[in-house]
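I have placed the structure first, in the form of structure tokens, so that the comments after it can refer back to it.
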Amino acid sequence: RAMKRHLAPDGTMILHLFDPRIDDLSSFRKPPQEERRGHDAETGRRIVARLENVEIDRFNQILENRWVYELEGQDGSIERSEHLTLTVRWTYRQEMKHLLARAGLEVVEEYGDFLGGQPDHGKEQILVCRQMPRA
């Protein structure tokens, strides 16, 4: 409804979400060891980001990733660390189309990627919407 309020009567809205793979979510057991390395732009010191834990609430459709970020000192020791929790609620394609329709928006085109590919689970949800005509 908020998106519709901001949309001009003849406007077009493009919504981009990920389209979750149900089989990936249902078979999930333990997060993969994931580590990313980079450098602080100002100091050049190394930053390491490690995925500590992943929790999936399938009933409420919530994915929670807990990361730890470490800044290495000049001698290579950990100078500072911070924890970050990234929480995402996923919405299935048919669910999103239903919610949009209830808000008075119709999906006029849908794609599975930014090249105009067919919609499919595990790809992107790109929905082109307009306000529904008044009856």
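All values below were derived from every heavy atom in this structure, side-chain atoms included, with hydrogens, water molecules and symmetry-related copies excluded. Owing to the predicted nature of the structure, the values given are computational and were not obtained by experimental measurement.
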Can you check side-chain contact (heavy atoms from CB on, under 4.5 Å) on Asp19 and Asp120, steps first, answer last? CA-CA 7 Å; Asp19 200 351; Asp120 197 7; over 6 Å; no

[X], [Y]: one ILVMFWY side-chain cluster at the under-4.5 Å cut-off?
{"X": "Leu99", "Y": "Leu7", "value": "no"}
{"X": "Val88", "Y": "Ile56", "value": "yes"}
{"X": "Val107", "Y": "Leu17", "value": "yes"}
{"X": "Met3", "Y": "Ile14", "value": "no"}
{"X": "Leu63", "Y": "Phe18", "value": "yes"}

Would you compute the distance between atom [atom1] of [X] and atom [atom2] of [Y] and round it to the nearest 0.5 angstrom?
{"X": "Leu100", "Y": "Glu95", "atom1": "CG", "atom2": "CD", "result": "10.5 Å"}
{"X": "Gln125", "Y": "Trp90", "atom1": "CD", "atom2": "CH2", "result": "13.0 Å"}
{"X": "Met132", "Y": "Arg130", "atom1": "CE", "atom2": "CZ", "result": "13.5 Å"}
{"X": "Leu71", "Y": "Glu82", "atom1": "CG", "atom2": "CD", "result": "9.0 Å"}
{"X": "Leu15", "Y": "Ile126", "atom1": "CG", "atom2": "CD1", "result": "10.0 Å"}
{"X": "Met96", "Y": "Glu110", "atom1": "CE", "atom2": "CD", "result": "12.5 Å"}

Closest contact, heavy atoms only, [X] versus [Y]:
{"X": "Gly116", "Y": "Tyr111", "result": "CA-CD2, 3.4 Å"}
{"X": "Pro133", "Y": "Glu106", "result": "CD-OE2, 3.6 Å"}
{"X": "Ala49", "Y": "Tyr69", "result": "CB-CE2, 3.3 Å"}
{"X": "Asp113", "Y": "Leu115", "result": "OD1-N, 2.8 Å"}
{"X": "Arg45", "Y": "Glu72", "result": "CD-O, 3.2 Å"}
{"X": "Ile78", "Y": "Ser81", "result": "CG2-CB, 4.4 Å"}

I'd like to know if Glu64 and Arg66 make a salt bridge, using a cut-off of under 4.0 Å between side-chain N and carboxylate O. yes

Testing Arg93, His16, Met13 for side-chain contact (heavy atoms from CB on, under 4.5 Å) with Leu127, which one passes? Arg93

Out of Glu70, Arg36, Glu34, which one pairs with Arg50 under the side-chain contact (heavy atoms from CB on, under 4.5 Å) rule? Glu70

Between Thr91 and Arg89, a side-chain donor and acceptor under 3.5 Å: yes

Apply side-chain contact (heavy atoms from CB on, under 4.5 Å) to the pair Thr85 and His83, showing each step before the final yes or no. CA-CA 7 Å; Thr85 300; His83 289 79; over 6 Å; no

If we only count heavy atoms from C-beta on, is the Gln94 to His98 side-chain gap below 4.5 Å? no

Within 6.0 Å of CD in Gln118, more than 12 heavy atoms from elsewhere: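 Count not over threshold, so no.
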
